[in-house]
Amino acid sequence: MASSPQTTPPPHHVAIVMDGNGRWATKRFLPRVAGHKQGVESLRRCVKACADRGVGVLTVFAFSSENWNRPPEEVSGLMQLMVGALAREVPRLNADGVRLHFVGERAGLSDKMVAGLVSAEQTTAHNSRLVLNICFNYGGRWDIARAAAKLAEQGLPMTEMNLDRAMALAHVPDPDLFIRTGGEQRLSNFLLWQSAYAELFFSDKLWPEFDEAALDEAIAAFQGRERRFGQTSAQVSASAA
């Protein structure tokens, strides 16, 4: 007997704080950078799973502006990992119809890395199957402050709409589903403006362990919630009818 079709669509935009790489490695007596390498494998799997499930936008927190405070060897390893991942993954993502955007402050990054980010964006600019936003050297407060400074520079009024259009993720709708792995339950300065009405889902799985089944669990939780956006349940039901 065929199962009934899913009445609630999947989230269009999923945002993920990919937490737990270091702890995954430490539990296995490995250097922390080994956890980050495994995290890249998890991201590759998640990108494919999102595209297969009809998600239109995936935004991930790869490196926060606060992560510069980590041990120098870990930061250096992360930078090398990013450069290597760009070289390996961009051709595959391009073939799969994924469009890349790198969101964050580029000042302070090496010339080689910045060139790699620009090249990846240009190479995949024509794709439309999935938009993949990689937030690298990003912070939510930085995003808001930068948007406000941009408006001041342009002499535009500081309205909600103008600020929204000046944000780093103005090219996509706000996240519908915000996932954080690793058992922590906080936003950690990620998409503070954009997540005003996102549904939050916290997973105890460390990021390298986050698989298709874990993604499906988060999507199912999202589909089971009523999104009211300030309205009453009765209003939402009447609108749906």
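Throughout, numbering of the chain's residues begins at 1 and tracks the sequence. From a predicted model like this one, the values you see are computed outputs, not experimental measurements. Reckoned from all heavy atoms, side chains included, excluding hydrogens, waters and symmetry mates.
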Side chain to side chain donor-acceptor pair (under 3.5 Å) between Tyr197 and Asp174, worked out: CA-CA 8 Å; Tyr197 275 99; Asp174 287 345; over 6 Å; no
Given Glu105 and Trp142, is the side chain to side chain donor-acceptor pair (under 3.5 Å) satisfied, shown in steps? CA-CA 8 Å; Glu105 177 60 71; Trp142 164 86; 3.3 Å; yes
Would you say the side chains of His36 and Glu74 form a donor-acceptor pair under 3.5 Å? yes
If you take the centroid of each ring, where Trp contributes its six-membered ring, are Phe102 and Phe136 closer together than 6.0 Å? no
Would you say Met18 and Leu43 make side-chain contact, with heavy atoms under 4.5 Å? yes
Identified side chain to side chain contact (heavy atoms under 4.5 Å, CB included) counterpart of Ile16 within the set Pro175, Ser203, Cys46: Cys46
Going only through I, L, V, M, F, W and Y residues with side-chain contacts under 4.5 Å, is there a path from Ile179 to Leu192? no
When clusters are formed by joining ILVMFWY residues with side-chain heavy atoms under 4.5 Å apart, either directly or through shared neighbours, do Leu58 and Leu200 land in the same one? no
Between Arg106 (side chain only) and Asn137 (backbone N and O only), is there a donor and an acceptor less than 3.5 Å apart? no
Looking at Arg180 and Asp19, is any side-chain nitrogen of the basic one under 4.0 Å from a carboxylate oxygen of the acidic one? yes
Measuring centre to centre across the rings, with the benzene-like ring taken for any Trp, is Phe190 within less than 6.0 Å of Phe178? yes
Pairwise distance CG(Asn21) to CD(Glu209) - rounded to 0.5 angstrom: 10.5 Å
